[in-house]
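So the structure is just underneath, and the comments pick up after that.
Chain naming here is simple, since letters A, B, ... match the order of the sequence lines and numbering starts at 1 in each.
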Amino acid sequence: MSNATHNPQLNSHGELNHLLSIEGLSREMLTRILDTAVPFTEVAEREVKKVPLLRGKSVFNLFFENSTRTRTTFEIAAKRLSADVINLNINTSSASKGETLLDTADNLAAMQADMFVVRHAASGAPYLMAQHLATTGQDHIHIINAGDGRHAHPTQGLLDMYTIRHYKQDFTQLTVAIVGDVLHSRVARSQIHALTTLGVPEVRVIAPKTLLPSGIERLGVRVFNDMKEGLRGVDVVMMLRLQNERMQGALLPSAQEYFKSYGLTVDKLALARPDAIVMHPGPMNRGVEIESAVADGAQAVILPQVTFGIAVRMAVMAMLAGA
Amino acid sequence: MSNATHNPQLNSHGELNHLLSIEGLSREMLTRILDTAVPFTEVAEREVKKVPLLRGKSVFNLFFENSTRTRTTFEIAAKRLSADVINLNINTSSASKGETLLDTADNLAAMQADMFVVRHAASGAPYLMAQHLATTGQDHIHIINAGDGRHAHPTQGLLDMYTIRHYKQDFTQLTVAIVGDVLHSRVARSQIHALTTLGVPEVRVIAPKTLLPSGIERLGVRVFNDMKEGLRGVDVVMMLRLQNERMQGALLPSAQEYFKSYGLTVDKLALARPDAIVMHPGPMNRGVEIESAVADGAQAVILPQVTFGIAVRMAVMAMLAGA
Amino acid sequence: MSNATHNPQLNSHGELNHLLSIEGLSREMLTRILDTAVPFTEVAEREVKKVPLLRGKSVFNLFFENSTRTRTTFEIAAKRLSADVINLNINTSSASKGETLLDTADNLAAMQADMFVVRHAASGAPYLMAQHLATTGQDHIHIINAGDGRHAHPTQGLLDMYTIRHYKQDFTQLTVAIVGDVLHSRVARSQIHALTTLGVPEVRVIAPKTLLPSGIERLGVRVFNDMKEGLRGVDVVMMLRLQNERMQGALLPSAQEYFKSYGLTVDKLALARPDAIVMHPGPMNRGVEIESAVADGAQAVILPQVTFGIAVRMAVMAMLAGA
């Protein structure tokens, strides 16, 4: 706990004040978040899916990059906690009027915001906001990183861990493969940090060389360029989304070629353990990174990931608000 | 009730589970919806315009086709029932990321949605979603069709029936004329099914031949190409909106020509019964399908249609939710 | 009070029914609004930032001109009063379908709206709506002008007055300078009317001749073209935002030139009284109309303006609703 005070995500008591990345959070903290999420899965099954934990709090969804889907998950989580939610799609507003990120943060802070959920195309943007709020004495406002550039997407990483724990219980006996465009993926970074922190002994990344960042091994993963080799004997297959725009560039030959080598098919999945689960952060490109027979098959836990995602986001919001 | 189990809108007890179209609903069911709407017109006149019937329910407005106006009516109806409402304009989000309609439905279902209000440019899209939810065991999620392609717009049809019943009481004594672009109108289809089911003895459609679907007579309507003939002696005039885009095509000579032949003027209205009411689903093209003197005149009930529309939508939502 | 019945903002008892402009409101009315706002600043500091004054009321944000920032302040004010808020960005909806402003007003009135917050590019649009609602017997719906063309932005003017009173207490001893593009500024008009009505003995406007409307002196202000002269001895400096689009036209040489002559720098600010406060309606163009050292300096009260703005908007909404 000695370096806790240096971690911008934690307050001086070592409690979660912002959720900016999985990196830097202890195994205890990750476990505490997952444990807190458990009762929230039950809220969603009630007649009245609402608890008053954030009543009268103002949660701002600051989406500098458009993502209806991710915004929806945070909006619904906040509303089920009874918060007032304000959606701001900032690409079409102040940003075009030339206001800076920090001026936007200052302004919303002055409106007595309680929480910012931030998605931004620039890696580090939520960190910058958190640092700025600290220097201006506004760090009672909590920031959740909802995806920043290629850097991190911590709630996605957490909901993935919740899903794995739900189906596999013990992280310390698992072999997990992450497959696809690791290079451009903030999701992959968050997953790798979470898996290694939670004690997964073997984390594999499977990708063509052009879609792997150099030095990825230093994060504690084994690299495979051949998908069949990489999938052999794994307990968990975590597929990554292939951004359409990548397929038009020089990094990839074609969607068909990609699917042939790195698409998850029934045949390739047969190389994993028979009880292996298949995950995907969505939205899926069927026929590009995953075959429909797998996406809709018995081993897929892609929709439970979504369900757990709401509970995990409710848990993070409740913990940050000290509720 | 024997074919109730085959109607995708009804559950095994013959109760309304989805509202997908007027077609296939019995006179009893239509009457029950209209009856249920009556007390909801009073909610809107209270100091606190809210009832807790849908408290803690998650209603998703899924607009794959933009319509602020229709979305607003559903949003306000749901909020007055105390639901949590999430708006998704999907043309600009997942759809552009290549996610399919059914993947979107699955994802929102996994977020424990209670109700989808769906507007889509493709006829049948809400049916497809309802079928899919049934096959995946998710048919506790209720779907309201808020307009699909040229097919149906059932809440519009219902609010129109509410309006007619309010002013004319007995459907079985009426002559009703529907005027305008029947060919492209989902509103007209819903109106025709509702009027014939509720026992209106004479339903007329008035339109140029180019704006009439072939075989329309089979729906039980009388066709008129001459508006003056068609309006003679009617109790109710239901104008349709002329889509601007139609006027640029080959189907119509010009807005001026159209107005001359099929625009509702004070002169033409004089051919109807003196106590005839004039309806329009909005938004109106003044000077194209309707003269302002009529739109703002004593016989117009266009704004009451809007008021009743909120009550009807509240009634449908409350019935679907079993509240 | 004899002309109260002629003021479209007041009802027959002289009470505020709409807030359309500062012009035409008495010193007593402005003071009453500011006084009403005081307790609302405390609501925002509570654990649960909500009061039930507008519970069950429907507030429509009608933004015919996009402004996420202003819309957000009204949305949060209404939600903290427990209203149901519906956002309509009408440039992309009915307006493009050809529906008129007044048809939109009629339709939303028929949905039993309680309040319209209206932003429109055309000066006078909210007046037109208020007049129309009066002629149609709908003036129980309250209109707040959230900025109309070059005409008025009354809640901005009121929050500015709240800020000045907070820091300077007595309006009748002050010299206030308004600096920048007065010609195109609805904010400047609202500020000038508010300051003169509240008894500020000297209101100065500082601008290049090309950015001053002719005859501005008639509003009771002193005109300065030289900023250094104009700032000498003032208690309050109110900067205006320079619209980017102005800088591309013939009215201004360049942003750099403008900054040199009319940008508020530490050096120029030194000519004002040492305890002068610096205000800006936001969003700021740093380095164009204001130097960052001033914007972030000890004399700036720009963020308190935002905070007070929420309280002032809550006060106006509560007064209009008779709460």
How far does CG of A/L303 sit from CG of B/D103, to the nearest 0.5 angstrom? 8.0 Å
Test salt bridge (Lys or Arg N to Asp or Glu O under 4.0 Å) applied to A/R313 - qualifying residues, sequence neighbours left out: none
For A/R46, is it the side chain, the backbone, both, or neither that has a heavy atom closer than 4.5 Å to a heavy atom of chain B? neither
Chain A contacts: which residues in residues 75-87 of chain B have a non-hydrogen atom closer than 4.5 Å to it? B/D84, B/V85, B/I86, B/N87
So does A/E47 pair up with B/R55, basic N to acidic O under 4.0 Å? no
Tell me, side chain or backbone of B/A113 under 4.5 Å from chain A's heavy atoms, or both, or neither? backbone
Against chain B, work out which of A/E45, A/Q305, A/K50 has the most heavy-atom pairs shorter than 4.5 Å and name it. A/K50
Evaluation steps, side-chain contact (heavy atoms from CB on, under 4.5 Å), between B/L88 and A/T72: CA-CA 8 Å; B/L88 290 97; A/T72 298; 3.5 Å; yes
Under the 3.5 angstrom rule, does the side chain of A/T307 hit a backbone N or O of B/M111 as a donor-acceptor pair? no
To the nearest 0.5 Å, atom CG of B/D106 lies from atom CE of A/M284 at 8.0 Å
Let's go through A/I310 and B/Q112 carefully: what are the C-alpha distance in whole Å and the side-chain angles of both, what is the deciding distance for side-chain contact (heavy atoms from CB on, under 4.5 Å) to 0.1 Å, and is it a yes or a no? CA-CA 9 Å; A/I310 304 293; B/Q112 264 106 343; 5.5 Å; no
